[in-house]
Amino acid sequence: MSTQSSILDRILLNPQQRDAVVCDRWPQLVFAGAGTGKTRVLTAKIAYLIEHHRVNPYHIFAATFTNKAAAEMRTRVENLAGISCAGMWIGTFHSLCARILRQQAGRIGYAPSFTIYDDNDQMSLIRTVMKELEIDERTMQPRHALNLVSTFKNACMTPSDCAPNAQGYYQKEIVRVYERYQSRLHEQQAMDFDDLISNTVYLLRRDAEVRQRYQDMFRYVLVDEYQDTNTSQSMLVRILGGSHGRVFVVGDDDQSIYGWRGAQIENILSFEKHFSGTTVFKLEQNYRSSQRILDFANAVIGYNGRRAAKTLWTERTGGMEVAVSRYGDDRQEAEQVVECAARLAGTGTRLGRMAVLFRTNAQSRVFEDALRKRNMPYVVVGGMSFYERKEIKDCLAYLRLVINAKDDVSCDRILNVPSRGIGAKSRDMLVARARAAHCSMMEAILTGEFGEAEGKSHKGFESLRELFMHLREMAQGGAGPDAILDEMLTLSGYVDSLEEEGTDEADGRLENINELLNAVAARRKEKPGLTLAEFLEEVTLTSDIDRWSETQDAINLMTLHCAKGLEFSIVFLVGLEDGLLPSRQNFDDNAKIEEECRLLYVGCTRAMDRLFCSHTDQRWRFGSLMPMTPSRFLAQVPETLYTFFDHTKAAAAYEKISAATPHVPRRQEREVRRQTPREQAYDEYSQEEIQYRIGQHVVHRNYGRGKILSVSGFGPDMRLTILFHDGTRKKLMARFANLETP
DNA sequence: TTGTTTATTCTTTTT
DNA sequence: GAATAAACAA
């Protein structure tokens, strides 16, 4: 790092960005509209502090919402300031808090190796709690209970804080569930996502010594996406940064889309109230999108009333028109979007720079089908991630139990997987024994507490005891996660039982397990000292988007939420219909409708060069065709800001959009995503696949003439529902039905 | 106790 | 239509 060159010479900043970076009057708030260089300012600020103000990197606390954003910040600071950021406090709120809590676990009655429960684990726990309290799932939905518990925690309210405010039977029951849920978590040495934040806040509030320590340590507190912070997160920022006031937050109220997760848009709108003497900056020059796209996006967000005043502008005047298309149904929508993408790929835009964005994960399916049909490579980001699969969760549960024998949720999960003759009855007996001995299920197994249980289950318990004795010994002996996982897979019989099954599904699972082994090994290579505990924490706190990178040349399919913070040359915004965007579930509440509008705005502002919006007349939902109307957000965009294409009126309109996008011969492209054996089976089958359509008339040799009501599945799994002339309705496997067309 | 069939609810969005 | 839970058979 040369002494005469300043950070400001090495990074290009406009006057507003520069003002924010060099400002030394704290606290500071930056309103950064979409595509205005938010990350650039944040990283420049850190580099500037380190280099110009000679701030020790370890005195900086920088929080983001995704690991991806954190990793990006890290590497950019490293490049800019020419230092290594290893060990620096740059991370997500959750991982930074986990780090503090592991250092201080003893102070709040936890072991440093506490387990982190994800959404799935939370659900299992709340279910067992409700069962214990004898609350019927029909009177209280576990999902709803969990949401309320989460709301309490986000506001840093303990069960005893809630109790006095609880009115009526239902609320009192909820508090009872919360109380029991929380004590079970503690007994099992586990914390859920919300606990990571709220327990840190409790710790810092209660323990003056610890508080002092971290306040001294974190002399600068920086936060990205401040509009997404919830109450506990803003409390944390206030505790850490409030005393010295050196707080720097960046955000955009127009991109607040996590209200449903407790985010308080008020945190950014009234930041100045909490932090007196705040200097406010506004970044309004957009470097991402063309003028046409920006105009369209601005019109969309204009639907909302309450906003911090700002006007985005760009030097990229003109650009291609925004297209709004109407399609007959979702299948047509998918086919045409894919066709359009293929054409554009032929004119030079790489598929990796295109994205299809939708409101719900379920919408990805039609696009996957359409893309697969054309042999085009695609990546689905989010949705059911690798680490959410059953077999992977099972493996992780085993590993968690090795570290933390108090984890009953994990024990429950693997107790009889693979089956060892321990059914519901034996399980209940184990739980009863454990409770009598004041210990956890696994602890009871390890001490042989299952006693003289007769028959099959005794053998099962005994094998579990041996397995875990062995694995725990390995872990204590310093064995790495890869070795422990490998040993567990063979000794538990997990692999054997899958191999025995021999079905395509079991093969797929085995393959996934293999991939997990590879992932652990790879991670271990990158970071040789990686402990089992660290690996598990990494896995639970890492999401699908964190691993996403644009290097693959495949079109990206993801939800609007997932797309935040990303940019693409070409964006297809699909399913812009009332009930979907805005979601029907948010119809009742105006604040929620406004959040849906912001969601659409986020989607529009992802596009750099071209934006294609679409809606359909009919869409398959819940297994039947539902009539749809265009989104109310589209209705208020002036028609001059886009070109409308009606694809329901057959060829004429279609020709028009074809002309708009130059035609190129279809290219055969290889799918980047690895195919599972199951998918290969489908592909092989589809070579000779017979096409069936809804409404098609067919003849069956036993049942006679009939009409196809619905088609489900594809390949060898394709099923047909057929209404026969005698009025009977039958569901048949297409490949066995031997249908003829009359 | 296990594996199969039937009934039910469900879809927002995720660290 | 799909995934899951309860119900049922073996």
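Here the structure is a predicted model, which means the values were calculated and not measured. Numbers restart at 1 for each chain; the letters A, B, ... are given by sequence-line order, proteins then strands.
- Distances from the side chain of A/Ser419 to the nucleotides B/dT11, B/dT2, B/dT15 place B/dT2 closest.
- Ring centers of A/Tyr378 and A/Phe367: at least 6.0 Å apart, outside the cut-off.
- Rounded to whole Å, the distance from CZ on A/Arg584 to P on B/dT11 is 15 Å.
- Taking A/Thr559 as the reference, A/Phe358, A/Asn361, A/His561, A/Cys562 meet the side-chain contact (heavy atoms from CB on, under 4.5 Å) condition, with sequence neighbours excluded.
- Between B/dT11, B/dT13, B/dT1, one nucleotide has an atom nearer to the side chain of A/Thr559 than all others, and that is B/dT13.
- Per the geometry, NZ belonging to A/Lys564 stands 11 Å off C1' belonging to B/dT14, to the nearest Å.
- Between the side chain of A/Asn267 and the backbone N or O of A/Thr229, at least one donor-acceptor pair lies under 3.5 Å.
- Under the 3.5 Å distance criterion, the side-chain polar atoms of A/Asn67 are matched with a main-chain donor or acceptor of A/Leu541.
- In terms of the ring pair (Phe, Tyr, Trp, His ring centres under 6.0 Å) criterion, A/Phe622 has no residue partners (sequence neighbours excluded).
- As rounded to whole Å, 10 Å separates atom C1' of B/dC10 from atom CD of A/Gln141.
- Every residue was checked against the side-chain contact (heavy atoms from CB on, under 4.5 Å) condition with A/Lys131, not counting sequence neighbours, and none meets it.
- One atom, CG of A/Asn154, and another, C1' of B/dT15, lie 11 Å apart when rounded to the nearest Å.
- Atom pair A/Gln233:CD and B/dT15:C1' shows a separation of 9 Å (rounding to whole Å applied).
- Here, C/dT4 and B/dT13 have their P atoms 14 Å apart, quoted to the whole Å.
- Counting only heavy atoms from C-beta on, A/His561 has its side chain closest to B/dT13 among B/dT2, B/dT1, B/dT13.
- We find that CZ of A/Phe622 is positioned 9 Å from C1' of B/dT9, with the value rounded to whole Å.
- For B/dT15, neither phosphate oxygen OP1 nor OP2 lies less than 4.0 angstrom from any side-chain nitrogen or oxygen of A/Thr542.
- Contact annotation for A/Asn416: backbone-only contact, meaning every heavy-atom pair under 4.0 Å involves sugar-phosphate atoms and none involves a base.
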Extract from the structure each pairing of a protein N or O with an N or O of nucleotides 4-10 of chain C at less than 3.5 Å, listing the distance.
none

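- Atom CD of A/Gln227 is separated from atom C1' of B/dT13 by 15 Å (rounded to the nearest Å).
- Regarding contacts with the backbone of B/dT11, every side-chain N or O of A/Ser583 stays at 4.0 angstrom or more from both OP1 and OP2.
- B/dT13 has no stacking from A/Tyr258 on its base ring, since the centres under 5.5 angstrom apart and planes within 30 degrees of parallel are not both found.
- Look at A/Asn230 and you won't find any side-chain N or O under 4.0 angstrom from OP1 or OP2 of B/dT15.
- Under 4.0 angstrom from either OP1 or OP2 of B/dT14 there lies at least one side-chain N or O belonging to A/Asn361.
- A salt bridge links A/Glu595 with A/Arg598; the closest basic N to acidic carboxylate O contact falls under 4.0 Å.
- For the pair A/Ala362 and A/Ala424, nearest-nucleotide mapping onto DNA chain B gives the more 5' position to A/Ala424.
- Not counting sequence neighbours, A/Arg261 has no partner by the salt bridge (Lys or Arg N to Asp or Glu O under 4.0 Å) test.
- Among C/dA2, B/dT14, B/dT15, the nucleotide with an atom closest to any side-chain atom of A/Thr92 is B/dT15.
- Residue-level contact check: A/Ser426 touches the backbone only, with heavy atoms under 4.0 Å from sugar-phosphate atoms and none from bases.
- Residues forming a side chain to side chain donor-acceptor pair (under 3.5 Å) with A/Asn230 (at least two apart in sequence, or on another chain): A/Asn154, A/Ser232.
- Taking for each of A/Leu580 and A/Asp194 the nucleotide of DNA chain B with the nearest heavy atom, the 5'-most of the two is the partner of A/Leu580.
- Taking every side-chain heavy atom of A/Arg261 into account, B/dT15 is the closest of B/dT15, B/dT11, B/dT13.
- Atom NZ in A/Lys592 sits about 12 Å away from atom C1' in B/dT13, given to the nearest Å.
- For A/Thr66, taking side-chain heavy atoms from C-beta onward, the closest of the listed nucleotides C/dA2, B/dT2, B/dT15 is B/dT15.
- Among the nucleotides B/dT2, B/dT1, B/dT11, the one closest to the side chain of A/Lys425 is B/dT1.
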